[in-house]
Amino acid sequence: MSTVAEIFQTMEYGPAPESDKEAVAWLGKHERVFGHYIGGAWTEPGQLFDVVNPSTSRAIARVTEGTKRDVDAAVSAAAGALPAWKGLTPHARARHLYALARGVQKHSRLLAVLEAMDNGKSIRETRDIDIPLVARHFHHHAGWAQLLDSEFVGYEAIGVVGQIIPWNFPLLMLSWKIAPALAAGNTIILKPAEFTPLSALCFAEIADAAGIPPGVINIVTGHGETGAAIVEHPDVDKIAFTGSTEVGRIIRRATAGSGKKLSLELGGKSPFIVYEDADLDSVVEGVVDAIWFNQGQVCCAGSRLLVQEGVAERLLAKLRARMERLRVGSPLDKAVDMGAIVAPVQLERIRGLVRQGVDEGATMWQPSWACPTEGYFYPPTLFTDVQPSSTIAQVEIFGPVLVTMTFRTPEESVALANNTPYGLAASVWTENINLALDIAPKIKAGVVWVNSTNLFDAASGFGGYRESGFGREGGREGMWEYLRRAVAGGRRATDDGRRTTGDHVMRGNAARRSSSRPSPAASRQPPVAHPPIDRTPKLFIGGKQTRPDQGYTRRIYGPGGELVGESPEGNRKDIRNAVEAAHAAAKSWSRSTGHNRGQILYYIAENLSARGEEFAGRIAAMTGCGSRQAAREVDASISRLFTYGAWADKYDGAVHSVPIRGVAIAMNEPIGVIGVVCANEYPLLGMISLVGPALATGNTTIVIPSEPHPLAATDFYSVLETSDVPSGVVNIVTGAKDGLAKVLAEHDDVEAVWYFGEREGVKMVELASASNMKRTWATWHERDWLDPEQGEGREFLRAATQVKNVWVPYGE
Ligand code: ADP
């Protein structure tokens with residue numbers, strides 16, 4: 001027996017097992033065999049597969065492989081439940097969400113134990129992190145349900161949503177998906193990951209007991225094929241997916257052109273940056289949380305440790321000492337730091353990548369102790385001497401493996417941090433607040449933690465940049481993912497406070513009728529359209545009017561077949577040049593002040609106004625819309641530029657109320673280079689309605705103007721030239737719309753594509769965008785660009801930005 005003195009010396013823990021009695025009893029109640037939970041009832045078990053406890057490698061239950069028919073049944077249950085659920089008052093839905101939060105709390109220990117048994121993660125984490133966050137998520141979203149009508153005016157539930165989640169945080173991911181969907185009034189079919197379905201099934205029972213109406217939440221178990229059946233189901237209106245980038249790409253392609261709304265939360269290779277003035281003891285604890293939390297099976301794991309050269313050796317020595325004392329073992333042991341890896345296939349993947357790291361010349365270090373031999377365990381692992389381009393520095397390992405690289409200057413740290421196709425999260429360690437807040441905006445990631453890591457809360461959005469996916473989960477940002485503009489048959493307020501009903505066309509006509517005050521320009525005759533004399537039509541790239549690469553032009557005719565002018569036929573090469581120009585301009589434009597960008601937008605408006613009659617004449621000649629209508633379009637364009645001039649310094653971020661001593665600052669950042677493919681109608685206003693918000697928020701653009709009526713855009717070059725717009729901020733390439741849009745959508749240096757056109761084009765853009773997971777805003781629905789409610793405002797600003805949440809804890 002050891003004495004107290006010895007225990008103080010060794011700091012050894014004895015075993016502290018958590019009882020699995022309740023969880024075993026719950027499994028026993030179901031005879032360890034489960035069907036799906038559809039329409040408020042359990043289905044008969046079908047073809048079964050094993051659910052294995054990773055720490056013992058023994059099966060603990062069997063669940064049903066979801067077939068297409070099961071998915072059909074679940075979708076029709078969800079569709080059946082939709083009208084009543086959506087029709088509830090916000091307060092009634094808030095009560096339901098509150099009941100779910102309470103249900104989770106009441107069964108928190110059962111869920112924590114079940115999760116540990118199913119996933120292999122430690123009870124310490126499931127009990128103290130996963131399950132409390134699940135309850136918090138439902139509580140927080142009970143609030144959004146309550147406030148829905150006042151905070152999301154003009155928006156409504158999307159409908160039936162399909163949700164596919166991974167195995168690393170089974171119940172937490174469920175809550176991230178289900179809570180906002182329900183709060184917004186959607187009904188759900190959710191598929192848990194094949195390795196970890198049990199907590200979702202237990203949750204179904206809790207939801208049932210909490211009185212969630214049948215069909216509102218449906219849980220279908222199964223593998224990837226079951227997920228694919230959900231993705232492909234025609235009656236599913238939105239897909240929310242968390243998982244690998246590889247499957248995310250498949251889903252992006254499968255939903256292309258379907259009209260389904262999509263949010264993807266994918267992989268990462270997040271940097272953990274340590275500057276030489278950081279508190280190294282805190283850093284060591286941070287690293288433990290960053291990469292050994294959940295055995296490193298965390299999409300935002302701080303898996304790349306970037307250390308400033310001067311402190312690297314000291315930090316690594318401290319880290320090795322700490323690793324030596326980490327405890328790996330039974331997830332149900334309360335004194336264990338790390339549990340088991342979820343499945344043999346993941347374990348093999350980790351081993352394979354570690355071998356590859358060693359083969360590629362990096363130095364591998366592991367603690368001296370051995371892992372348990374029963375179950376799927378892997379020790380914490382540290383790599384040094386890692387090349388930034390090596391496999392282990394680039395590929396997501398999804399295990400307890402940390403790779404270390406060093407840097408000299410802050411600038412170098414940013415370059416190294418951004419040297420990844422991903423952009424999920426980052427962690428910045430320095431005692432210098434100026435440095436931290438200088439670095440945070442420079443890192444391409446959806447979340448930045450300052451002197452902290454892996455902080456999550458329902459009030460703060462989470463989600464990635466670049467190939468880490470798009471969409472946010474949590475907070476107000478996350479609610480938008482489950483809402484859409486109330487359109488067909490919906491009731492919305494117009495800007496003068498009237499309520500209108502009806503579809504786009506009706507509203508369009510109503511807007512035209514209601515705009516009764518003739519503009520000054522309208523009373524004058526527009527100039528007659530003369531064919532231009534000896535004028536070589538050009539493109540606008542990098543601030544210069546340039547000849548198209550292949551030297552073709554097309555003739556532009558008016559509605560009566562008369563020649564109105566010529567426009568150049570841009571091609572792939574022109575688009576590439578334009579992308580290059582847009583990139584060159586992006587850095588300084590994105591960093592210019594909102595005030596400065598606003599000034600430029602007003603200036604464009606001023607210069608356009610000076611030539612209003614000429615533009616109206618051109619529009620009338622091209623479209624045959626009549627001079628009054630054309631003048632109205634010019635006036636609306638000027639007003640729209642004012643709108644975005646106004647927004648440029650007013651599209652504020654937020655400071656989220658997260659439950660820490662500190663703040664989470666939500667910053668609206670530009671997306672980068674946006675390809676803007678304009679609608680055919682409203683050749684001037686349609687273009688300005690898109691370029692305006694893109695510019696106001698700091699993006700640079702490649703614009704493909706209206707294909708049948710491109711001359712309003714080519715005339716616009718000289719307005720841009722005289723308005724102090726920096727070169728490369730707006731580039732305009734005329735020509736065959738869909739062909740050019742495809743080049744933009746396929747281009748890896750374009751970060752987003754907006755496309756207003758036909759359904760086929762939407763599909764093409766969404767398909768092609770999967771290559772680099774660019775954000776798309778592609779729609780074939782008609783829009784009345786004259787109506788400010790449809791043609792401008794926050795919807796556009798949201799599309800032009802992505803939110804970065806910077807967590808800054810405070811206190812000594
Ligand atoms: P991970 O690498 O985290 O295991 P995956 O992307 O393989 O992530 O899996 C995440 C989820 O996606 C799981 O629920 C899985 O069953 C599901 N899934 C896998 N393949 C597909 C697919 N082709 N379509 C839809 N869902 C899929």
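In listed order, ligands and their atoms are each counted from 1. Given the structure is predicted, the values throughout are model-derived calculations rather than measurements.
By the side chain to side chain contact (heavy atoms under 4.5 Å, CB included) test, Glu205 pairs with Trp26, Lys29, His30, Trp42, sequence neighbours left out.
Side-chain polar atoms of Gln297 and Asn119 form no donor-acceptor pair below 3.5 angstrom. Thr776 and Arg252 share a donor-acceptor pair across their side chains, judged by distance under 3.5 Å alone.
Within the listing of ligand 1, atoms 13 (C), 14 (O), 15 (C), 16 (O) sit less than 4.0 angstrom from a heavy atom of Lys191. Applying the 4.0 Å criterion to heavy atoms of Ala193 picks out, from ligand 1, the atoms 14 (O).
For the side chain to side chain contact (heavy atoms under 4.5 Å, CB included) criterion with Val231, the lone passing option out of Leu262, Val236, Ile164, Val71 is Ile164. Of the residues listed (Arg124, Lys121, Arg327), the one engaging Asp337 in a salt bridge (charged side-chain N to carboxylate O under 4.0 Å, His left out) is Arg124, and it is the only one.
Scanning the protein heavy atoms around atom 8 (O) of ligand 1, the nearest turns out to be Ser244 N, 3.5 Å. In terms of protein heavy-atom proximity, atom 1 (P) of ligand 1 is nearest to Trp167 NE1, 3.7 Å. Nearest non-hydrogen protein atom to atom 24 (N) of ligand 1 is Ala228 N, 3.4 Å. Nearest to atom 17 (C) of ligand 1 among the protein's heavy atoms is Ile164 CG2, 3.6 Å. Among all protein heavy atoms, the one lying closest to atom 13 (C) of ligand 1 is Ile165 O, 3.5 Å. Residue, atom and distance of the protein heavy atom nearest to atom 15 (C) of ligand 1 are Glu194 OE1, 3.4 Å. Given atom 12 (O) of ligand 1, the protein heavy atom at minimum distance is Phe241 CE1, 3.2 Å.
Taking only non-hydrogen atoms, the option from Gly248, Gly227, Ala254, Ala229 nearest to atom 25 (C) of ligand 1 is Gly227. Of the listed options Val345, Thr242, Asn168, Val247, Val247 places a heavy atom closest to atom 21 (C) of ligand 1. Nearest-residue assignment for atom 18 (N) of ligand 1 (options Cys299, Gly224, Gly243; heavy-atom criterion): Gly224.
Contact annotation for Thr226 and ligand 1: no heavy atom of the residue comes within less than 4.0 Å of the ligand. When non-hydrogen atoms are compared, ligand 1 lies under 4.0 Å from neither the backbone nor the side chain of Phe398. When heavy-atom distances to ligand 1 are checked against a 4.0 Å cut-off, His223 comes that close only through its backbone atoms N, CA, C and O.
Listed here is the closest heavy atom pair of Pro166 and Met173: CD-CG, 3.8 Å. The nearest pair of heavy atoms linking Thr420 to Arg466 is O-NH2, 3.0 Å.
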### Query
Going through the checks in order, is the side chain to side chain donor-acceptor pair (under 3.5 Å) test met by Asn218 and His36?
CA-CA 8 Å; Asn218 303 278; His36 310 297; over 6 Å; no
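Between Tyr378 and Phe398, the ring center distance fails the sub-6.0 Å criterion. Here Phe462 and Trp176 bring their ring centres to under 6.0 angstrom of each other.
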